[in-house]
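None of these values were measured; they are calculated from a predicted model. Counting starts at 1 for both ligands and their atoms, following the listed order.
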Amino acid sequence: MNLILLGPPGAGKGTQAERLVEAFGLVQLSTGDMLRAEVKSGSELGQTAQKIMDAGELVPDDLIISMISNQIDQHSDAKGVILDGFPRTTAQAEALDEMLSDKDLTMDFVIQLEVSEDTIVERISGRYSCAKCGAGYHDTFSQPAVEGTCDKCGSTEFSRRSDDNPEAVRSRLGAYRDQTAPILPFYTDKGVLQSVDGMGGMEEVFDQIKEIVAGG
Ligand code: ADP
Ligand code: ADP
Ligand code: ZN
C-alpha cells in the first residue's frame, strides 16, 4: 500500500505519517527530513538546500525527484511507502507518475489534510521534535508524558526548525498556494484524491485516515 499525504506546512503530515508507520508498518519518506539530513551532513546538496529552505522556498524539482526515486528503490522490500512533503509541484507530480509506472508501482491513496491558515501558524509556532529520533511534539498540543524526555527514545535533547519562524512560514504558505495547491486538481481528475478534515485532534484525524485506507 502506497500513499501520499498532501497539505500545507504544519498541517500534520509528519504526525499522521508517524501513526501510519506504527499501525501499518509502512515506511515514511519525508523529503523535508531527507533534506534536513543532507544539511546536517554538510553535503553539496545540503549546502544548496539550506539557503532555499531557510527562505521558505522550494528546492529545485530535479534534485528532489532523483532523491525520492532513490529512496523508493532503497525501500522496495517495504510493505509500502508514505510520501510526506512530495510531490509539491506539478512537475514533481508528473515525474512521480512516470517513476511509478517505470518501477511497476501504484499509488493507492492521495490524502489531503485540510486546515485553516490560523491553525497552521499555531501548529508551526509550537512545533519541536526529538533531536535523536525525530519524534514530533508541540508546546500546547503534544507534550511528552514525562516533561523534557522523549516518549519514544528517552532522549532529553529536542530541537526546533530554523524555518519555523514567521517570515519563512509566510513564504512557505505562499509556495504552497502558488506551486503545491495547483496539483490537487491533477489528483482529483484521476479520481484518487480524498480530503480529510485536519482541524480536529491528532487521533480524530488519524481515525479519518484509517477509514479511507480500510475502505480502499
Ligand atoms: P513542512 O513539514 O512544514 O511541510 P517540510 O519539512 O516538508 O515542511 O519541508 C521543509 C522545506 O524543505 C520546504 O520549505 C522546502 O524548502 C524543502 N522541501 C521539502 N520537500 C520539498 C519538495 N518536494 N520540493 C521542493 N522543496 C521541498
Ligand atoms: P507537517 O508535517 O504537515 O508540517 P507536523 O506533523 O509536523 O506537520 O505538525 C505540525 C505541528 O502541529 C507539530 O508540532 C504537531 O505536534 C502539531 N500537530 C499535528 N497535528 C495536530 C493536530 N491534529 N492537532 C494539534 N496539533 C497537531
Ligand atoms: Zn526521541
Asks: Taking heavy atoms and a distance under 4.0 Å, where does Leu58 meet ligand 1: side chain, backbone, both or neither?
Replies: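 Leu58 to ligand 1: contacts from backbone and side chain alike.
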Asks: Considering non-hydrogen atoms of the protein only, which is the closest contact for atom 18 (N) of ligand 1, and what is the distance?
Replies: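 Result for atom 18 (N) of ligand 1: Leu35 CD1, 3.4 Å.
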Asks: Any idea which protein heavy atom is nearest atom 11 (C) of ligand 2, and the distance to it?
Replies: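 Ranking protein heavy atoms by distance from atom 11 (C) of ligand 2, first comes Arg123 O, 3.5 Å.
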Asks: Identify the heavy atoms of Arg123 and Phe141 that sit nearest to each other, and give their distance.
Replies: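 Closest approach of Arg123 to Phe141: CG-CE1, 4.5 Å.
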Asks: How far is atom 23 (N) of ligand 2 from its nearest protein heavy atom, and which residue and atom is that?
Replies: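 The protein heavy atom lying closest is Gly200 O, 2.9 Å.
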Asks: So does Lys51 pair up with Asp54, basic N to acidic O under 4.0 Å?
Replies: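 No, this pair does not count.
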Asks: Return the option from Arg172, Met34, Lys13, Gln50 holding the heavy atom at the smallest distance from atom 3 (O) of ligand 1.
Replies: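 Checking each option, the heavy atom nearest atom 3 (O) of ligand 1 is found in Arg172.
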Asks: Counting heavy atoms not belonging to Lys103, are there more than 12 under 6.0 Å from its NZ?
Replies: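 Atom NZ in Lys103 is packed in, count exceeds 12.
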Asks: Under the salt bridge (Lys or Arg N to Asp or Glu O under 4.0 Å) criterion, do Arg127 and Glu122 qualify, and how do the steps go?
Replies: CA-CA 9 Å; Arg127 166 160 65 185; Glu122 192 179 32; over 6 Å; no
Asks: Would you check if the side chain of Asn2 reaches a backbone N or O of Gly80 as a donor-acceptor pair within less than 3.5 Å?
Replies: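 Checking the backbone N and O of Gly80 against the side chain of Asn2, no donor-acceptor pair under 3.5 Å is found.
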Asks: Considering non-hydrogen atoms of the protein only, which is the closest contact for atom 12 (O) of ligand 1, and what is the distance?
Replies: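 Residue, atom and distance for the closest contact: Met53 CE, 3.5 Å.
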Asks: Minimum heavy-atom separation for Thr188 and Leu193, please, with both atom names.
Replies: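 Closest approach of Thr188 to Leu193: OG1-CD2, 3.4 Å.
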Asks: Hey, are Gln112 and Ser195 close enough side-chain-wise for a donor-acceptor pair under 3.5 Å?
Replies: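 Distance-only check passes for Ser195 and Gln112.
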Asks: Nearest protein heavy-atom contact for atom 9 (O) of ligand 1: which residue, which atom, what distance?
Replies: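 Nearest neighbour among protein heavy atoms for atom 9 (O) of ligand 1, to 0.1 Å: Arg88 NH2, 3.4 Å.
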Asks: Which residue and non-hydrogen atom of the protein lie closest to atom 10 (C) of ligand 2, and at what distance in Å?
Replies: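 Closest protein heavy atom to atom 10 (C) of ligand 2: Gly10 O, 3.7 Å.
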Asks: Does at least one non-hydrogen atom of Gly201 fall below 4.0 angstrom from an atom of ligand 2?
Replies: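 Within the 4.0 Å threshold, so yes.
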Asks: Considering only the protein, which heavy-atom contact is closest to atom 16 (O) of ligand 1, and what is its distance?
Replies: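 Nearest protein contact, heavy atoms only, for atom 16 (O) of ligand 1 is Glu57 O, 2.5 Å.
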Asks: May I ask whether Ala17 places a heavy atom under 4.0 Å from ligand 2?
Replies: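 Flag not set, Ala17 not near ligand 2.
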Asks: Looking at atom 19 (C) of ligand 2, what's its closest protein heavy atom, distance included?
Replies: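 Going atom by atom, the protein heavy atom closest to atom 19 (C) of ligand 2 ends up being Thr15 OG1, 3.2 Å.
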Asks: Is Ile65 linked to Leu29 within one hydrophobic cluster, defined over Ile, Leu, Val, Met, Phe, Trp and Tyr using a side-chain heavy-atom separation of less than 4.5 Å?
Replies: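 Yes.
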Asks: In Å and rounded to the nearest 0.5 Å, what is the CZ to OG distance from Arg36 to Ser159?
Replies: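 It comes to 9.0 Å.
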Asks: Say whether Asp163, considering both its backbone and side-chain N or O atoms, lies within less than 3.5 Å of an N or O atom on ligand 1.
Replies: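 So ligand 1 has no N or O lying under 3.5 Å from an N or O of Asp163.
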Asks: Only heavy atoms of Gln92, strictly under 4.0 Å: list the atoms of ligand 1 that pass.
Replies: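 Within the 4.0 Å cut-off of Gln92, ligand 1 contributes 22 (C), 23 (N), 24 (N), 25 (C).
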Asks: At a non-hydrogen distance cut-off of under 4.0 Å, which region of Arg161 contacts ligand 1 (side chain, backbone, both, or neither)?
Replies: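 Side chain only; the backbone of Arg161 stays clear of ligand 1.
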Asks: Near Arg127, which atoms of ligand 1 are under 4.0 Å from a heavy atom of that residue?
Replies: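 Those qualifying, in numeric order: 2 (O), 3 (O).
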Asks: Thinking salt bridges, do Lys40 and Asp33 make one under a 4.0 Å N-O criterion?
Replies: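 Result for this pair is no, no salt bridge flagged.
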Asks: With heavy atoms of Gly14 as the reference, note each atom of ligand 2 found under 4.0 Å away.
Replies: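 With Gly14 as reference, the close atoms of ligand 2 come out as 1 (P), 2 (O), 6 (O).
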Asks: If the cut-off is 4.0 Å to any non-hydrogen atom of Arg36, which atoms of ligand 1 fall inside it?
Replies: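 Checking each atom against Arg36, I get 6 (O), 10 (C).
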Asks: For the residue pair Ser66 / Ser69, report whether a side-chain donor-acceptor contact shorter than 3.5 Å exists.
Replies: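 The answer is no; no qualifying pair exists.
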Asks: Relative to the heavy atoms of Phe141, which atoms of ligand 2 are at a distance of less than 4.0 Å?
Replies: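 Heavy-atom distances to Phe141 below 4.0 Å select 25 (C), 26 (N).
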Asks: Do Gly126 and ligand 2 have an N or O pair less than 3.5 Å apart?
Replies: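 Gly126 vs ligand 2: no N/O contact under 3.5 Å.
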Asks: Relative to the heavy atoms of Thr31, which atoms of ligand 1 are at a distance of less than 4.0 Å?
Replies: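 By the 4.0 Å cutoff, the relevant atoms are 19 (C), 20 (N), 21 (C), 23 (N).
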Asks: Using a 6.0 Å cut-off, check whether atom CD of Glu114 has over 12 heavy atoms from anything other than its own residue.
Replies: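 It does: Glu114 CD has more than 12 such atoms within range.
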Asks: Take atom NZ in Lys132; do more than 12 heavy atoms of anything else shown fall under 6.0 Å from it?
Replies: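 No, because the 6.0 Å sphere around NZ of Lys132 holds 12 heavy atoms or fewer from other groups.
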Asks: How far is atom 13 (C) of ligand 2 from its nearest protein heavy atom, and which residue and atom is that?
Replies: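 The protein heavy atom lying closest is Tyr137 O, 3.8 Å.
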Asks: Below 4.0 angstrom, N of the basic side chain to O of the carboxylate: do Asp97 and Lys190 qualify?
Replies: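 So Asp97 pairs with Lys190 through a salt bridge.
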Asks: Is it true that Lys13 and Asp84 have a side-chain N and a carboxylate O under 4.0 angstrom from each other?
Replies: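 Asp84 and Lys13: not salt-bridged.
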Asks: Which option out of Met202, Glu204, Gln16 puts a heavy atom nearest to atom 21 (C) of ligand 2?
Replies: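 The option holding the nearest heavy atom is Met202.
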Asks: Counting heavy atoms only, which of Val59, Leu63, Leu96, Ile65 comes nearest to atom 26 (N) of ligand 1?
Replies: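 Considering heavy atoms of Val59, Leu63, Leu96, Ile65, the nearest to atom 26 (N) of ligand 1 sits in Val59.
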Asks: Can you confirm whether Met202 sits close enough to Arg19 that some side-chain heavy atom of one is under 4.5 Å from a side-chain heavy atom of the other?
Replies: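 A side-chain contact exists here, since the closest heavy-atom pair is under 4.5 Å.
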Asks: Determine, stepwise, if the pair Tyr187 / Gln194 fulfils side chain to side chain donor-acceptor pair (under 3.5 Å).
Replies: CA-CA 9 Å; Tyr187 289 113; Gln194 314 227 36; over 6 Å; no
Asks: May I ask whether Ala11 has any heavy atom positioned less than 4.0 angstrom from an atom of ligand 2?
Replies: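 For ligand 2, residue contact (heavy atoms, under 4.0 Å) with Ala11 is present.
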Asks: Identify whether Met99 and Ile64 are in the same connected component of the hydrophobic contact network (ILVMFWY, side-chain heavy atoms under 4.5 Å).
Replies: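 Met99 clusters together with Ile64.
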Asks: Are any of the N/O atoms on Gly85, whether in the backbone or the side chain, positioned under 3.5 angstrom from an N/O atom of ligand 1?
Replies: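 Indeed, backbone or side chain, Gly85 has an N or O that close.
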Asks: Minimum heavy-atom separation for Ser43 to Glu38, with atom names?
Replies: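 Of all heavy-atom pairs spanning Ser43 and Glu38, the closest is OG-OE1, 2.5 Å.
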Asks: Does an N or O anywhere in Val205 fall below 3.5 Å from an N or O of ligand 2?
Replies: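 In fact, backbone or side chain, Val205 has no N or O that close.
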Asks: What protein N/O/S atoms sit under 2.8 Å from the Zn ion (ligand 3), by chain and number?
Replies: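 Listed by chain and number: Cys130 SG, Cys133 SG, Cys150 SG, Cys153 SG.
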Asks: Gly12 to ligand 2: N or O pair under 3.5 Å?
Replies: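 Yes, there is a polar N/O contact under 3.5 Å.
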Asks: Decide, yes or no, whether a salt bridge links Glu117 with Arg177 under the criterion of side-chain N to carboxylate O below 4.0 Å.
Replies: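 Yes, this pair counts.
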